[in-house]
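In listed order, ligands and their atoms are each counted from 1.
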Amino acid sequence: MSRLVEQPEEQEYALDRDCTTLSRHVLQQLHSFSADAQDLSAIMNRIALAAKLISRRLSRAGLVEGALGFTGNVNVQGESVKKMDIYANDVFISVFKQSGLVCRLASEEMEKPYYIPENCPIGRYTLLYDPIDGSSNVDINLDVGAIFSIRKQEGNDIDGEARDLLQDGRKQIAAGYILYGPSTVLVYSIGTGVHAFTLDPSLGEFILSSENIQVPDHGSIYSVNEGNFWQWDESIRDYIRYVHRHEGYTARYGGALVGDFHRILFQGGVFLYPGTLKKPQGKLRLLYESAPLAFLVEQAGGRASTGTQNLLDVVPEALHSRTPLFIGSKEDVALVEYFIQDRARESEPAVMARS
Ligand code: AHM
Ligand code: MG
């Protein structure tokens, strides 16, 4: 006859953690099994399925016919589209079809929102996403990501222009990203802290790997494409000259926002994508790139700014609007803002006393 054997405490804890899947974690965070909580949990579960499908294709991309390279088309942003961008975009659409969860999807790859009419009577949510962030890394087997944001649909999108979505970042009810690196990691927040899940391929499940992540108040990393130096405003050049001339800074730039942000979330520092001569509002799109990461960073105790405004307060003019982005540790974002906002300084401010 079998008999229950007492487990050592650590073993019990490890087992419990191994069973903390994403959908269960959402319910735990909300302390509820209400219909709204179940919906959010199911939406996260669907996003996890999209991540698994995309992760699978990325991990075999060099072996699969038609997975790499460009399609030959240009998207609404004027950027050349990669085959993986289209695949990943379609995956998100497919996983939400007939889910009853999300009525509308909006992404970097689609000029207008995509409706799933069969979901609309009950699924009053919109999912905004960047299906493959850092597309230039795809063909050379470097890290890429995906970014997502969930908003409750308010009012009616009568003309299909999604004007009801033109609201600030505080209207997000959840946000997160997926990092396809050596392992696939999903980081999310529903406004109760920031939590990371790692895909265990042997289980096919995202398992909790870091809970309540806090970004350090300061970090040594600055992450920016310095090739744009000549295109920046003088204030940004001054900031970069400052970090060049002071000890304690180190540069890291991977060409994929998700990867660069992930490093900063865990280790501190600042990511910068300022306006340039060619793109005065920078490159990054507000609704499905900057605002979701701003939501996460604030939940982790950090900050996101356009240089003159808290990023979560920015109201976009259009679905694909861009903003400059400075995001990361509180003190490091404040230092960049200082350069932008007070170029006429006479002496070094207190925040610069660190070095
Ligand atoms: P994408 O979503 O089309 O890949 O564009 C966004 C990416 C970010 O991941 C990254 O930070 C940035 O573009 C890199 O741009 P640049 O090559 O100008 O440095
Ligand atoms: Mg992107």
Minimum heavy-atom distance Leu319-Ala106, with the two atoms named
CD1-CB, 4.0 Å
For residues Gly169 and Arg151, report the shortest heavy-atom separation together with the two atoms involved.
CA-NH2, 3.7 Å
Any N or O on [X] sitting closer than 3.5 Å to an N or O of ligand 1?
{"X": "Asp260", "answer": "no"}
{"X": "Ser135", "answer": "yes"}
{"X": "Gly134", "answer": "yes"}
{"X": "Ser136", "answer": "no"}

Can a salt bridge be assigned to the pair Arg263 and Asp260 using a cut-off of 4.0 Å between side-chain N and carboxylate O?
no
State plainly whether the residues Lys83 and Glu65 are in salt-bridge range, i.e. N to O under 4.0 Å.
no
Of Asp143, Asp130, Leu257, the one whose closest heavy atom lies nearest atom 2 (O) of ligand 1 is Asp130
Ignoring hydrogens, just give me the one of Arg285, Lys82, Glu226 whose non-hydrogen atom is nearest atom 5 (O) of ligand 1.
Arg285
Ligand-side contact atoms (ligand 1) for residue partner [X], heavy atom cut-off under 4.0 Å:
{"X": "Ile132", "value": "2 (O)"}
{"X": "Ala256", "value": "9 (O)"}
{"X": "Glu79", "value": "3 (O)"}
{"X": "Tyr253", "value": "11 (O), 12 (C), 14 (C), 15 (O), 16 (P), 19 (O)"}
{"X": "Glu289", "value": "2 (O), 6 (C)"}

Which word best sums up how the rings of Tyr222 and Tyr249 line up, parallel for under 30°, tilted for 30 to 60°, or perpendicular for over 60°?
perpendicular
Would you call the rings of Tyr253 and Phe271 parallel, tilted or perpendicular, taking 30° and 60° as the class edges?
parallel
same_hphob_cluster(Leu325, Leu296) at 4.5 Å side-chain heavy-atom cutoff:
yes
Where's the contact between Phe271 and ligand 1, heavy-atom distance under 4.0 Å: side chain, backbone, both or neither?
side chain
Heavy-atom contacts under 4.0 Å between Asn225 and ligand 1: side chain, backbone, both, or neither?
side chain
Side-chain touch Phe206/Lys52, heavy atoms, less than 4.5 angstrom
yes
Just wondering, are more than 12 heavy atoms of other shown residues or ligands nearer than 6.0 Å to CD in Glu111?
no
Has Val258 got any heavy atom lying under 4.0 angstrom from an atom of ligand 1?
no
